[in-house]
Amino acid sequence: MAHHETDVAIIGAGTAGLAAERSARQDGARTLLIDEAFRGTLCASTGCMPSKLLIAAANAAYHARGAGVFGVQVENVAIDGRGALERVRRERDEFVAATRASFEDLPAGTCITARARFANQNALSLDNGDTVSAKSIVIATGSYASIPKPFKGIGDYVLTNESVFEMQDLPASLAVVGGGAIGLELAQAMSRLGVDTVLFDHEDTLGGARDSDVQAAIVEIIGQELPLHLGVDIAVKKSNDRVQLSWSGASSGRREFDRVLVATGRPPAFEGLGLDTAGLELDEHGVPVFDRTTMQCGDAPIFIAGDANANAAVLHEASNEGSVAGHNAASYPSVEAHPRTVAFALTFTDPPLAILGESAGEHALTGCASYADQGRAKVDARAKGLVRLYAAAPHGRLTGAELFCPGADHMAHLLVHAIQRGETASDLLDMPFYHPTLEEGLKSALREICAATSAPLPSGRASDDPPGA
Ligand SMILES: Cc1cc2nc3c(=O)[nH]c(=O)nc-3n(C[C@H](O)[C@H](O)[C@H](O)COP(=O)(O)OP(=O)(O)OC[C@H]3O[C@@H](n4cnc5c(N)ncnc54)[C@H](O)[C@@H]3O)c2cc1C
Ligand SMILES: NC(=O)c1ccc[n+]([C@@H]2O[C@H](COP(=O)([O-])OP(=O)(O)OC[C@H]3O[C@@H](n4cnc5c(N)ncnc54)[C@H](O)[C@@H]3O)[C@@H](O)[C@H]2O)c1
């Protein structure tokens, strides 16, 4: 049992906590990084990286099967489920090892392996018996996979992002419950890997898209690959060696599956943290009320970053928030506001879904481009989906976008950077676009916005596209 005194104590060594520790230390603070296990970040171990590795395998299978359209015959495409999952884990383990190696680079004595609990606003008690006093504390405890009650009673047959990548082989059939980012990505990947997959959601929307045309496109395009049951209530029970789902609502039915993957949201991980003893104001979901520009909880010497604040649960936000939290924790009671970057979320389906900036809103000017007939997309035999751009009158300053089309993961960067720089549709059209590319497809949406504003099409630039653009 030891007592530790420090300037900044950080609870949680994930992406947010590591960024917080680094920035507080760079500001000259003494730091302590407390984690229950130092397993490596969620992103590397059970999040971004293994999911993208599984998607890569799935897309390899999909493209091999689809090569016939180009006159390339690939016979007998077979999925080695064990091999696919082994590669996921092998590559994933390298990402995890790199994260773990970064713990070892921290100054000696920085890391404490224990679960932390608030004793008061400046003190923590650890489950190894140690105590910590700190001038300020950063909460970076991440999130956990919530499992709705009915699914809790069926043991190992229920998978989450924590167990799905540990399977030794692919199941023959899989129910995916929850059509958010995790459910959509993994359902499509499993289906492409030959698993008989069905996706369920109690809402009638998928992937968090706010635009009804984009929603309709997601349902149509993903629905061509696997059955979707949206707007349904689901009951579940174990049935011999399988799981039986019954659903009712917008559709109804009953079916047995080998496994069920639950992806119904990830609330903040606050269990045992003693937030009540920290004297913080909590919102209706039990999350400390905090300032998005300083990451400070009220006026307390406590800061919160990453999935723990349930605000923007994606990696680059966890990293930036951690950096701001660490900086302000080090300088507390003086804190500095850092403007947020434009909201940016990608879901790595095929085609990918990108949601940027503000939603359309009542007064937004909108521009639409279909990718069902877009030149480069047709060349690549992946012509589907659409783009919706939003802009503010009177000049057509870009404010947001939703893309569900080939290349959306890359084109979204171009657009989100333009939004953050305050550029107009006309400004973007003044830039060169190469032919034939997916980016060219954005021009018709940008022109639509220009046509509705006082900002003219840039002079000296083509107002039409060549055939095949
Ligand atoms: C399947 C999946 C796929 C994803 N894909 C993407 C993607 O492609 N792109 C993207 O941008 N984002 C993606 N995300 C989201 C992204 O992974 C998270 O937003 C990000 O990793 C959160 O980082 P964090 O630091 O907040 O949490 P974590 O990395 O989870 O860190 C929290 C740490 O806190 C520790 N901890 C918790 N409670 C305590 C306590 N009381 N005491 C001590 N330690 C504690 C935990 O052990 C853990 O190490 C994905 C998430 C999932 C689940
Ligand atoms: N590509 C990425 O960046 C990426 C990938 C995966 C996850 N993530 C992050 O992880 C977070 C969590 O992902 P998620 O997909 O678990 O959550 P989510 O909140 O995005 O989606 C949960 C879905 O489950 C549905 N749902 C909830 N309870 C249900 C029930 N009882 N029955 C049926 N459906 C139910 C909801 O309607 C919703 O569609 C996301 O918010 C995202 O920020 C990001």
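Only heavy atoms go into these numbers, but all of them, side chains included; no hydrogens, no water, no symmetry mates. We count ligands from 1, going down the list as the structure has it; atoms in each ligand are counted the same way.
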Chemist: May I ask you to identify, for P148, whether its side chain, its backbone, both or neither come under 4.0 Å of ligand 2 on a heavy-atom basis?
Modeler: side chain

Chemist: Give the single entry among N311, L42, N161, D201 that approaches atom 36 (C) of ligand 2 most closely by any heavy atom.
Modeler: D201

Chemist: Is L346 near ligand 1, meaning one of its heavy atoms is under 4.0 Å from it?
Modeler: no

Chemist: Does ligand 2 have any atom sitting under 4.0 Å from a heavy atom of A263?
Modeler: yes

Chemist: Which of the atoms in ligand 2, numbered in the order shown and given with their element, are less than 4.0 Å from a heavy-atom of L346?
Modeler: 1 (N), 2 (C), 3 (O)

Chemist: Which atoms of ligand 2 are found less than 4.0 Å from any heavy atom of V177?
Modeler: 32 (N), 33 (C)

Chemist: Between R266 and N161, is any side-chain donor less than 3.5 angstrom from a side-chain acceptor?
Modeler: yes

Chemist: Can you run down the salt bridge (charged side-chain N to carboxylate O under 4.0 Å, His left out) pairs that involve residues 309-327, sequence neighbours left out, and say none if there aren't any?
Modeler: E317-R340, E321-R340

Chemist: At less than 4.0 angstrom from any non-hydrogen atom of R266, what atoms of ligand 2 do you find?
Modeler: 12 (C)

Chemist: Take D35 and R115 through the test salt bridge (charged side-chain N to carboxylate O under 4.0 Å, His left out) and record every step on the way to the result.
Modeler: CA-CA 6 Å; D35 195 284; R115 271 191 79 77; over 6 Å; no

Chemist: Could you tell me if R255 sits above the aromatic ring of F257, with its cationic atom closer than 6.0 Å to the ring centre and no more than 45 degrees from the axis?
Modeler: yes

Chemist: Could you name the option among A318, A354, A313 that has the heavy atom nearest to atom 43 (O) of ligand 2?
Modeler: A313

